[in-house]
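To start, the structure itself, in structure tokens.
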Amino acid sequence: MAGHDHSVIPVTSIGPHPTERTTPLTPTDHQLLEILNEEMRTAVMPVSIFVGILIFFGFFGNSFVLYVFTKRYHDCNFRYFVLCLALLDFISTLTTMPGEILTQQFWYMYPNYTEICKVKSFFNVFTVSGEALCLLTIAVDRYLKVCRPFGRQIKPKRARVLCVVIYVVAFILSIPVTLMWGIQNAEKEFRGRTIKVRLCLKDEKYIDSPQPFAYVTSIESIVGLCLVLMFVLYIFVAKKLMLGHRSSNQRRQTGSPTNHTRVTLSPSKFMTSHPESSDIGIGSDFPTQEGVSATNFSKTDTTKSTDEDSGAVDVGEIVVSDTESKFRPRGHTVARQHRERASRVRQKTLIMFILTIIFITTTILYLTLLVFISSPGDILSNMNDPSKAAYFFFFRLVFINHCINPFVYGCLDPQFKQVISDIKMSILILVRCKK
């Protein structure tokens, strides 16, 4: 039709010409490595957060324990054993636990610093073996006080020496870790490609060597022996405490005297007799020997007193002779002080028993899962990411030991609770003064 232009107007398409389309870029090995590590990081993030929470409570909790038992607690062997444990826990919050988060978050891309991996692995063994030796020493101390109260006891000076020995032995046991653990370069199949990964596991020199497995087995044997001895000792302690509590209840019900430890008062002195047939006792630092003035028992300074549980006190109840009635009030005072000291020792024993049970449970799980890393077979690397996350969670439940102690002391130790109460009161007074 005239007047109409029927020419075709070409349509310009937006985008590349069909013949010019490019295929997606193939990711490089480094990009695949980042994707692989990110998937692992996402899987283990809840575990890393869990460890981070333990670090927070462990750092501040053990800092407070170190302050209280260094500056505000009376001089006794219990004090030094608690400091020994607290320092090990504090070290772990600065080395092993942050190092574990780093390992989890950069599992396939571990920083190329061998020293960091070796330090983390060293203190991992150092803290676990040190705590096992310390808790075993505490179990022996509790056994001596409860089951052998009239025998030789661990005095504060000897307790300090034992703490040093514990650290030295734990250090020696951990030295091989610095040789056998380190950076390991390996290959992994991912999305049909073989990429190079960098791990903090066994050192490359020991990948196929049986030595790491033999070393871990020997450490497990030593720690396992400590766990068994702890358990056995606390069985005897629990048995003695239950028998003493039962005999005490029977005496209260019948009102009859007993042939257990008897304190006999004279006008200026007292003396004790404890038949060999009955040694159910708990220690007190004030020795029950002939010729000791009864007035010595009135010293109750909570910060400067000597070890209140290094001697001997009846586990059930002190029976005071009233052969001279005019000295009966003082006799009752002495008996009450003995019972208070016996109660303190029972509380300390309960504290260490709870900590030991938690340590035994988590350490058995830790040692069992440790075999997966140390065995010649590459079991751990063949797990998928969710399986690794579950493995790391149960494997690192042992870190609970590094933060649980302050909570147990805060619930069961009267002097520790008193310090907390004093600090709260000081803070309240300070706040009110500012207002």
Review point. With a 4.5 Å heavy-atom cut-off, do Met352 and Leu355 have their side chains touching?
Key: yes
Check your understanding: Would the Tyr110 and Phe106 ring centres measure less than 6.0 Å apart?
Key -> no
Please list every donor-acceptor pair under 3.5 Å in which a side-chain atom of residues 50-65 meets a protein atom from a residue at least two apart or in another chain.
| from | atom 1 | to | atom 2 | distance (Å) |
| --- | --- | --- | --- | --- |
| Asn62 | ND2 | Gly58 | O | 2.7 |
| Asn62 | ND2 | His402 | O | 2.7 |
| Ser63 | OG | Phe59 | O | 2.6 |

**Study point:** Lys120 versus Thr96, closest heavy-atom pair with distance
**Key:** CG-O, 3.8 Å
Point to revise | Leu199 side chain near Ile183 side chain, heavy-atom distance below 4.5 Å | key: no
Exercise for review: Would you list the pairs meeting disulfide (SG to SG under 2.5 Å) in which at least one residue belongs to residues 199-233, sequence neighbours left out?
Suggested key: Cys117-Cys200
Check your understanding: Can you name the residues that form a ring-ring contact (aromatic ring centres under 6.0 Å, His included) with Tyr206, not counting sequence neighbours?
Key -> none
Practice item. With sequence neighbours excluded, tell me which residues meet ring-ring contact (aromatic ring centres under 6.0 Å, His included) with Phe231. Key: none
Point to revise | By ring-ring contact (aromatic ring centres under 6.0 Å, His included) - contacts of Phe171 (at least two apart) | key: Phe122
Practice item. Taking the side chain as every heavy atom from C-beta outward, state whether Glu204 and Ile207 have any atom pair closer than 4.5 Å. Key: yes
Exercise for review: Enumerate the residue pairs fulfilling salt bridge (charged side-chain N to carboxylate O under 4.0 Å, His left out) with a member in residues 401-422, sequence neighbours excluded, ordered by first and then second residue.
Suggested key: Arg72-Asp422
Exercise for review: Assess the side chains of Ser121 and Asn124: does a donor N or O sit below 3.5 Å from an acceptor N or O?
Suggested key: no
Exercise for review: Find out whether Met109 and His30 are in side-chain contact, i.e. whether some heavy atom of one side chain is under 4.5 Å from a heavy atom of the other.
Suggested key: yes
Review point. Hey, would you say the Phe69 and Tyr409 ring centroids sit under 6.0 Å apart?
Key: yes
Check your understanding: Hey, does Ile358 have a side-chain heavy atom less than 4.5 Å from the side chain of Asn401?
Key -> yes
Check your understanding: Less than 4.5 Å apart, any side-chain heavy atom of Trp181 and any of Lys202?
Key -> yes
Exercise for review: Answer yes when Lys118 and Glu115 have at least one side-chain N-carboxylate O distance shorter than 4.0 Å, and no when they do not.
Suggested key: no
